[in-house]
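For this chain, numbers begin at 1 and follow the sequence in order.
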Amino acid sequence: MHMEMIKIVVAGPRGRMGIAALNLIKNTEHFTLVGAVDRINNGRKVSDVEGLPQLDAPIYTDIEECFSAVKPDVLLDLTTPEVGRLHTEIALNHGVRPVVGTTGFSQEGLDKISKQAEDKGIGAIIAPNFAIGAILMMKFSQMAAKYFQDVEIIELHHDKKLDAPSGTAAKTAELISSVREYKKQGHPDEKETMQGARGATYDGIHLHSVRLPGLIAHQEVLFGGDGQMLTIRHDSFNRESFMSGVRLAIETVMKIDLLVYGLENIIE
């Protein structure tokens, strides 16, 4: 089956996710890189930058200039939460479909983007996690939460991560709380003798964030019941673990005309 060529701009090409994504685009027949957005290297080609794959696409520091010059179909944004939010809005204004791999969008921010995508009649995908296994972990946790009310989430990431808890942990708590009756966990008279010992709480669910060098992205969801515990765990050992999800998101965003938040909404 011959697929239509999809023209892609990558924002954040020098990050570890960015490099993995550039390689994905290079090795995918129906993907083509038409530009990159980077806060340095303006005017150079991707292939001129040490450590980046041999791709001839031009680099821009100004995203508006990039969109006007190369007219892409999709913006793949792998930057920081603040920059990602801004880029998403600019992309939609230019009729470019954003696929955003950064977390930290507020409900208000998501609503704004959702309306913008709808007004423009184009797709947008915001994915707190691109690993298919992590999406399944979230789905399985939601299934288990119907039977186990007591649950804690532990997420473990590398020490360069800027936000805590992770978008995946927050999204998992949200999915669980949609099927779980509210319950405040632990002893009713529990006291923290050191602040934060019990982690953050979302609807009575405790979330714990671990940050250590050597880790990539890991999460376990612990469900406790009478005399038993169920652990659902996912580990990403490298950035390639995210690429099948990135590819799926880029292909899917071309076929939809609204905002999808979370890949669990596009996998069966």
- Between CD1 on residue Ile25 and NE2 on residue His30, distance to nearest 0.5 Å: 11.0 Å

- Is a side-chain N or O of Ser178 found less than 3.5 angstrom from the main chain of Leu175, in a donor-acceptor match? yes

- Item | Pair Lys161 + Asp163, salt bridge at N-O below 4.0 Å | yes

- Item | Residues Glu155 and Ser209: side-chain donor-acceptor under 3.5 angstrom | yes

- Query: Backbone N or O of Arg233 within a donor-acceptor pair of the Gln219 side chain at under 3.5 Å?
  - Reply: no

- Mind checking the CG-CD spacing from Asn41 to Glu50? Nearest 0.5 Å is all I need. 11.0 Å

- Item | Asp111 side chain vs Ser114 backbone, donor-acceptor pair below 3.5 Å | no

- Task: Decide if atom CD of Glu108 counts as having more than 12 heavy atoms of other residues, nucleotides or ligands within a radius under 6.0 Å.
- Result: no

- Query: Does a donor on one side chain and an acceptor on the other come within less than 3.5 Å for His208 and Glu152?
  - Reply: yes

- In short, Asn129 meets Ala134 closest at the heavy-atom pair ND2-CB, 3.3 Å

- State the CD1-CZ distance between Ile135 and Phe140, to the nearest 0.5 angstrom. 11.5 Å

- Query: Would you call Ile59 and Lys45 a side-chain contact if the rule is heavy atoms closer than 4.5 Å?
  - Reply: no

- Message: If hydrophobic clusters are built by linking Ile, Leu, Val, Met, Phe, Trp and Tyr wherever their side-chain heavy atoms come under 4.5 Å apart, do Tyr147 and Met138 end up in the same one?
- Response: yes

- Do the side chains of Thr80 and Leu162 get nearer than 4.5 Å, heavy atoms only? yes

- Does Gly204 offer a backbone N or O that forms a donor-acceptor pair with the side chain of Lys183 under 3.5 Å? no

- Message: Distance alone, cut at 3.5 Å: any donor-acceptor contact between the side chains of Glu64 and His94?
- Response: yes

- Query: At their closest point, which heavy atom of Ala169 faces which heavy atom of Ile153, and how far apart are they?
  - Reply: O-CD1, 3.9 Å

- May I ask you to decide whether Arg247 forms a salt bridge with Glu251, counting only side-chain N to carboxylate O separations under 4.0 Å? yes

- Which value, rounded to the nearest 0.5 Å, describes the distance between Glu89 atom CD and Arg85 atom CZ? 9.0 Å

- Check whether any side-chain N or O of Lys26 sits under 3.5 Å from a backbone N or O of Gln54 as a donor-acceptor pair, and report yes or no. no

- Interatomic distance, Ile113 atom CD1 to Thr88 atom OG1 [nearest 0.5 angstrom]: 5.0 Å

- Item | Which atom of Ser166 lies closest to which atom of Arg211, heavy atoms considered | N-NH2, 4.0 Å

- Item | Heavy-atom pair with the smallest gap, counting every atom of Met17 and Arg239 | SD-CG, 3.7 Å

